[in-house]
**Student:** 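Here it is, the structure, as structure tokens.
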Amino acid sequence: MVALLEPLQAPVDPIDALRRIAFLLERTRAGTYRVEAFRKAVGTLRRLDDDEVRERAEAGTLQEIDGIGKSTSGVVAEAVAGELPSYLASLQEKSGGPLVEGGEGMYAALRGDCHLHSDWSDGGSPIDEMVLTGVELGHDWMVLTDHSPSLRVANGLSGERLRTQLKIVDGVNRSLGGQFTLLKGIEVDILDDGSLDQTDDMLGRLDLVTASVHSKLRMNRAPMTTRMVAAVSNPRVNVLGHCTGRLVTGSRGTRPESEFDARAVFEACAEHDTAVEINSRPERCDPPDGLVSLALEIGCLFSIDSDAHAPGQLDMKAYGCERAERLGVPADRVVTTWDVDRLRAWASPST
């Protein structure tokens, strides 16, 4: 489908082999501890001279380097020897195929992602690795949406940290030379009264805002409806993230849907041109099919997003694409199929 999912063949660069292993583990939701070893080894190798890596591989002393363990040293040694590492070959065979059947047409139409996290909040990788993977997946743009300050468990960004991050985004875009665009964004918490967990000044500096409920998910139906309608009616909000807050599987267990008047919320979304997110994380699968169909009937826009917390999870949009295509969502109603200029024009509160 895209270059990053084409199997690597020998000879392969050791860093490329380690990155591909991490990617494949992440896209299939492997345990964090397994992934971290390979991501850490990538960082270590990037600081070393190629000759030193080769000499240590041949001498069998790679594990003497901090950040290189038994599994990762084996991968590096095999790659240096001109072989396809056996660990990588096995993963490509078992986990290199499509994540889901269906949705290929929608996936091919995607141009970006309005919801992803870096290690600035609760993501596992730095911004540049998220961007590099997005480029390799064929994206034209992505919106960096780390959490807002009240979500302390996720290391949400204060206004000061967000200002610093925006300067880094500018630097990333300068280095990309217009070949890819990293947009400035946030996943802002919807507070109890429907206000947003960041100042208007800071929100005004962003290209796009995804707003989500993370607290008091069991709020009674009427106040929850009022809360959500207020948020999606805010001219600064562009995308309503994982609207029911449910969890259907995964290591965090399950959680029921929040109770709210979905018709009222989606009608407000349609009125204010706020997209309803189709959150692609398998543990969320949010909103449920029935609510996607309701939002489609009402006339809402949609945003098929990965909610990625690691580079490999960017590919999870395949799950959202399958659902959208199966439920009859037209590609032109999905903002993540739009080019960056159209997206920016739509997301601007002045339009």
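The structure presented is a predicted model; accordingly, all values stated were derived computationally and were not measured. These numbers come from the heavy atoms of this one structure, side chains and all, not from hydrogens, waters or symmetry mates.
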**Student:** Could you check whether any side-chain N or O of T254 sits under 3.5 Å from a backbone N or O of T249, counting only pairs where one atom can act as donor and the other as acceptor?
**Tutor:** no
**Student:** Checking the side chain of R27 only, and the main-chain atoms of D315 only, is there a donor and an acceptor separated by less than 3.5 Å?
**Tutor:** no
**Student:** Evaluate N238 against V335 for side-chain contact (heavy atoms from CB on, under 4.5 Å), listing each step before the verdict.
**Tutor:** CA-CA 10 Å; N238 306 112; V335 302; over 6 Å; no
**Student:** Which heavy atom of T274 sits nearest a heavy atom of V237, and at what distance?
**Tutor:** OG1-O, 3.5 Å
**Student:** Is any side-chain N of the basic residue among D170 and K184 closer than 4.0 Å to the acidic one's carboxylate O?
**Tutor:** yes
**Student:** Within the distance-only criterion (no hydrogens, no angle test), does the side chain of E58 pair as donor or acceptor with the backbone N or O of R56 below 3.5 angstrom?
**Tutor:** no
**Student:** Show the nearest heavy-atom pair for residues S215 and D192, with the distance to one decimal.
**Tutor:** OG-OD1, 3.9 Å
**Student:** Which pairs count as ring pair (Phe, Tyr, Trp, His ring centres under 6.0 Å) when at least one residue sits in residues 23-42, sequence neighbours excluded?
**Tutor:** F38-Y87
**Student:** Check this for me: does any side-chain nitrogen of one of D305 and R284 sit under 4.0 Å from a carboxylate oxygen of the other?
**Tutor:** no
**Student:** Hey, mind stepping through L217 and R255 against side-chain contact (heavy atoms from CB on, under 4.5 Å) and telling me if it holds?
**Tutor:** CA-CA 9 Å; L217 293 168; R255 182 169 62 210; 3.5 Å; yes
**Student:** Got a second to check how far H117's NE2 is from M130's CE, nearest 0.5 Å?
**Tutor:** 9.0 Å
**Student:** Report yes if some heavy atom in the side chain of T226 is under 4.5 Å from a heavy atom in the side chain of M219; otherwise report no.
**Tutor:** no
**Student:** Is it the case that the side chain of T28 and the backbone of S95 share a donor-acceptor pair, with hydrogens and angles ignored and the cut-off at 3.5 Å?
**Tutor:** no
**Student:** Salt bridge check, D201 against R205: does any charged N sit closer than 4.0 Å to a carboxylate O?
**Tutor:** yes
**Student:** Could you see if V188 belongs to whatever hydrophobic cluster contains L157? Use Ile, Leu, Val, Met, Phe, Trp, Tyr and a side-chain cutoff under 4.5 Å.
**Tutor:** yes
**Student:** I need the H147 NE2 to S118 OG distance, nearest 0.5 Å.
**Tutor:** 10.0 Å
**Student:** Keeping the roles fixed (side chain from T210, backbone from G241), state whether a donor-acceptor pair exists under 3.5 Å.
**Tutor:** no
**Student:** Using the rule side-chain hydrogen bond (donor to acceptor under 3.5 Å, both in side chains), only one of E322, H115, H139 pairs with K317; which is it?
**Tutor:** H139
**Student:** Would S306 and Q313 satisfy side-chain contact (heavy atoms from CB on, under 4.5 Å), going step by step from the backbone distance to the final call?
**Tutor:** CA-CA 7 Å; S306 65; Q313 294 175 6; 5.8 Å; no
**Student:** Please tell me if the side chains of L327 and L296 come closer than 4.5 Å, counting only heavy atoms from C-beta onward.
**Tutor:** no
**Student:** Where do R227 and K216 come nearest, in terms of heavy atoms and distance?
**Tutor:** NH1-O, 3.5 Å
**Student:** Report yes if some heavy atom in the side chain of V75 is under 4.5 Å from a heavy atom in the side chain of L88; otherwise report no.
**Tutor:** no
**Student:** How long is the straight-line distance from CG of L24 back to NZ of K94, given to the nearest 0.5 Å?
**Tutor:** 12.5 Å
**Student:** Any side-chain to backbone donor/acceptor pair from N220 onto P223? Under 3.5 Å, distance only.
**Tutor:** no
**Student:** Only one of D119, T32, D122 passes side-chain hydrogen bond (donor to acceptor under 3.5 Å, both in side chains) with H309; say which it is.
**Tutor:** D122
**Student:** Output the distance between atom CG (L208) and atom CH2 (W141), rounded to the nearest 0.5 Å.
**Tutor:** 7.5 Å
**Student:** Any donor-acceptor pair under 3.5 Å linking the side chain of R236 with the backbone of V209?
**Tutor:** no
**Student:** Are the side chains of T72 and K40 in touch, meaning some heavy atoms are under 4.5 Å apart?
**Tutor:** no
**Student:** Carefully, step by step, assess D146 and S121 under the rule side chain to side chain donor-acceptor pair (under 3.5 Å).
**Tutor:** CA-CA 6 Å; D146 280 313; S121 62; 2.6 Å; yes
**Student:** Does any non-hydrogen side-chain atom of I127 lie less than 4.5 Å from one of L182?
**Tutor:** yes
**Student:** Give the cluster check for I168 versus V131: same hydrophobic cluster or not, with ILVMFWY residues linked at side-chain heavy-atom distances below 4.5 Å.
**Tutor:** yes
**Student:** Side chains of Q198 and S148: is there a donor and an acceptor less than 3.5 Å apart?
**Tutor:** no
**Student:** Would the distance check show the side chain of S90 and the main-chain N or O of S86 forming a donor-acceptor pair, the cut-off being under 3.5 Å?
**Tutor:** no
**Student:** For V76 and L62, work out which heavy atoms get closest and say how close.
**Tutor:** CG1-CD1, 3.7 Å
**Student:** With a 4.5 Å cut-off on side-chain heavy-atom distances among I, L, V, M, F, W and Y, is there a chain of contacts connecting V334 to V100?
**Tutor:** no
**Student:** Which atom pair, heavy atoms only, marks the closest approach of D286 to C243?
**Tutor:** OD2-N, 3.5 Å
**Student:** Quick one, D339 and R111 - any side-chain contact, counting heavy atoms below 4.5 Å?
**Tutor:** no
**Student:** With a 4.5 Å cut-off on side-chain heavy atoms, are M106 and I304 touching?
**Tutor:** yes
**Student:** Are V213 and V248 linked, directly or through other ILVMFWY residues, by side chains that come within less than 4.5 angstrom of each other?
**Tutor:** no
**Student:** Are V42 and R46 close enough, and set up right, to give a side-chain contact (heavy atoms from CB on, under 4.5 Å), and what steps lead you there?
**Tutor:** CA-CA 6 Å; V42 168; R46 282 177 171 160; 3.7 Å; yes
**Student:** If you compare all heavy atoms of V276 against all heavy atoms of P287, which two are closest, and at what distance to 0.1 Å?
**Tutor:** CG1-CG, 4.3 Å
**Student:** What verdict does the salt bridge (charged side-chain N to carboxylate O under 4.0 Å, His left out) test give for R54 and D51, after you've listed the backbone C-alpha separation in whole Å, the side-chain angles of each residue and the deciding distance to 0.1 Å?
**Tutor:** CA-CA 5 Å; R54 185 177 302 104; D51 290 337; 3.0 Å; yes
**Student:** Should the pair R263-E297 be classified as a salt bridge under the 4.0 Å nitrogen-to-oxygen rule?
**Tutor:** yes
**Student:** If only atom types and distance count, is the side chain of S293 paired as donor or acceptor with the main-chain N or O of D289 below 3.5 Å?
**Tutor:** yes
**Student:** Let me check something: do F260 and L191 share a hydrophobic cluster, defined by ILVMFWY side-chain heavy atoms less than 4.5 Å apart, either directly or through other members?
**Tutor:** no
**Student:** Are any non-hydrogen side-chain atoms of D197 and I186 less than 4.5 angstrom apart?
**Tutor:** no
**Student:** Working to the nearest 0.5 Å, report the span between CD of E36 and CZ of R39.
**Tutor:** 11.0 Å
**Student:** Is it the case that the side chain of S258 and the backbone of T244 share a donor-acceptor pair, with hydrogens and angles ignored and the cut-off at 3.5 Å?
**Tutor:** yes
**Student:** At what distance, to the nearest 0.5 angstrom, does CG of D273 lie from OG of S233?
**Tutor:** 12.0 Å
**Student:** What is the ring orientation for H214 with H242, classed by angle as parallel under 30°, tilted 30 to 60°, or perpendicular over 60°?
**Tutor:** perpendicular
